[in-house]
Amino acid sequence: MDPLMQPMEIRVLACLIEKSLSTPEYYPMTLNSLTAACNQKSNREPAMQFSDQDTVRALDSLRDRRLAWSVTTGGRTPKYKHSIEEVYPLTLPQLAVLCELMLRGAQTVGELRTRAGRLCTLADIADVQAVLQQLMGRENGPLIAIAPRRPGQREERFGHLLGGPLASESEGAIDPLACEPARLNVRSENEQIAALGVKVATLEDEMASLKAQFADFTRQFQ
């Protein structure tokens with residue numbers, strides 16, 4: 001699996017995918033429309049509150065992962081699109097099901113049949129089950145898994161793994177602070193700073209090695 005994504009990155013990427021499938025006439029998306037999509041009350045779990053700055057930070061991180069890009073469409077306002085197919089080659093049904101799991105969390109096959117059906121054609125429950133098996137059986141690692149059962153739950157639920165392993169109901173209860181935008185930003189920025197530190201250390205090692213090689217080379221002519 002690739003490095004885990006933060007909740008805000010998942011929400012922005014999911015909204016880009018959703019709008020590319022449901023309203024292609026309004027896609028790619030402006031920053032304002034993308035922020036509004038992230039803040040929707042319907043078809044979102046949990047509800048989150050983004051500022052434009054939050055959306056930009058998430059877009060920058062997604063760009064570093066090759067999952068989103070800014071594009072020029074003839075107007076002066078930049079627009080944004082996803083490029084998930086460059087990292088995760090998926091069929092349209094697979095993309096629709098994964099998108100719904102990213103937008104609304106763990107769901108049953110029946111829920112996915114209804115909700116993902118607005119993004120692509122899914123003839124019946126068997127179609128959804130086949131897609132779920134494909135997403136779990138990927139050669140490069142599963143993108144989804146069966147979620148731990150809730151007390152008294154009969155039907156299996158499925159959730160995506162882009163943000164890490166699925167927690168049990170008791171472990172996965174939503175902490176209001178966990179989805180606070182400022183807290184998510186700080187966490188994401190701290191992780192990016194740590195990653196930059198690793199890159200700088202690697203570059204310093206490479207530079208030292210190049211200097212040593214150059215010194216050895218110049219000594220041949222002294």
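In this structure the side chain of Val12 reaches within 4.5 angstrom of the side chain of Phe50, judged on heavy atoms. With contacts defined as side-chain heavy-atom distances shorter than 4.5 Å, the pair Leu90/Leu135 qualifies. Side-chain contact between Pro93 and Asp127 is absent, with no heavy-atom pair separated by less than 4.5 Å. By the 4.5 Å heavy-atom criterion applied to side chains, Val71 and Tyr80 are not counted as neighbours. Put simply, the side chain of Leu143 reaches to within 4.5 Å of the side chain of Arg138, judged on heavy atoms. In this structure, Lys81 and Tyr27 have side chains that are in contact, with non-hydrogen atoms separated by less than 4.5 Å.
With 3.5 Å as the limit, one finds no donor-acceptor pair spanning the side chains of Thr77 and Thr30. A side-chain donor-acceptor contact under 3.5 Å links Asp54 and Ser51. Inspection of the Asn43 and Arg104 side chains reveals an N or O donor paired with an N or O acceptor under 3.5 Å.
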Worked verdict on Glu18 versus Arg115 for salt bridge (Lys or Arg N to Asp or Glu O under 4.0 Å): CA-CA 11 Å; Glu18 177 193 38; Arg115 294 165 179 170; over 6 Å; no
Candidate pair Trp69 and Arg63, rule side-chain contact (heavy atoms from CB on, under 4.5 Å), full reasoning: CA-CA 6 Å; Trp69 302 101; Arg63 181 193 59 208; 3.8 Å; yes
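The two residues Leu119 and Ser22 come nearest to each other via the heavy atoms CD2-CB, 3.8 Å. Glu9 and Met5 make their closest contact through OE1-CA, 3.4 Å (heavy atoms, listed as atom of the first residue, atom of the second, distance). Between Ala145 and Leu161 the shortest heavy-atom distance is CB-CD2, 3.9 Å. The shortest non-hydrogen separation linking Arg66 to Ser83 is O-OG, 2.9 Å. Listed here is the closest heavy atom pair of Leu122 and Gly117: CD1-N, 4.1 Å. Of all non-hydrogen atoms in Ser20 and Pro24, the two that sit nearest each other are O-CB, 3.7 Å.
A salt bridge does not link Asp60 to Arg57: none of the charged side-chain nitrogens sits closer than 4.0 Å to a carboxylate oxygen. Arg65 and Glu86 are not joined by a salt bridge, as no carboxylate oxygen comes within less than 4.0 angstrom of a charged side-chain nitrogen. Using a cutoff of 4.0 Å between basic side-chain nitrogens and carboxylate oxygens, Arg157 and Glu111 are not scored as salt-bridged. Between Glu100 and Arg118 there is a salt bridge, with a side-chain nitrogen of the basic residue lying less than 4.0 Å from a carboxylate oxygen of the acidic one.
Under a hydrophobic clustering in which Ile, Leu, Val, Met, Phe, Trp and Tyr are joined whenever their side-chain heavy atoms come within less than 4.5 Å, directly or via other members, Leu98 and Met136 fall into the same cluster. Cluster membership check: Val131 shares its hydrophobic cluster with Ile146, using side-chain heavy-atom separations under 4.5 Å among Ile, Leu, Val, Met, Phe, Trp and Tyr. Under the 4.5 Å side-chain contact rule for hydrophobic residues, Val109 and Val97 share a cluster. In the hydrophobic cluster analysis, where Ile, Leu, Val, Met, Phe, Trp and Tyr join through side-chain heavy atoms closer than 4.5 angstrom, Ile144 is grouped apart from Leu103. A chain of hydrophobic side-chain contacts below 4.5 Å, direct or via other Ile, Leu, Val, Met, Phe, Trp or Tyr residues, connects Met48 to Ile17.
Shown here is Gln220, whose CD atom has more than 12 heavy atoms of other residues, nucleotides or ligands within 6.0 Å.
To the nearest 0.5 angstrom, Gln94 atom CD is 13.5 Å from Cys99 atom SG. The CG atom of Leu34 sits 11.0 Å away from the CZ atom of Arg11 when rounded to the nearest 0.5 Å. One finds the CG atom of Leu59 at 6.5 Å from the CG atom of Leu16 (value rounded to the nearest 0.5 Å).
Remark: side-chain polar atoms of Thr35 are paired, donor with acceptor, to backbone N or O of Leu31 under 3.5 angstrom.
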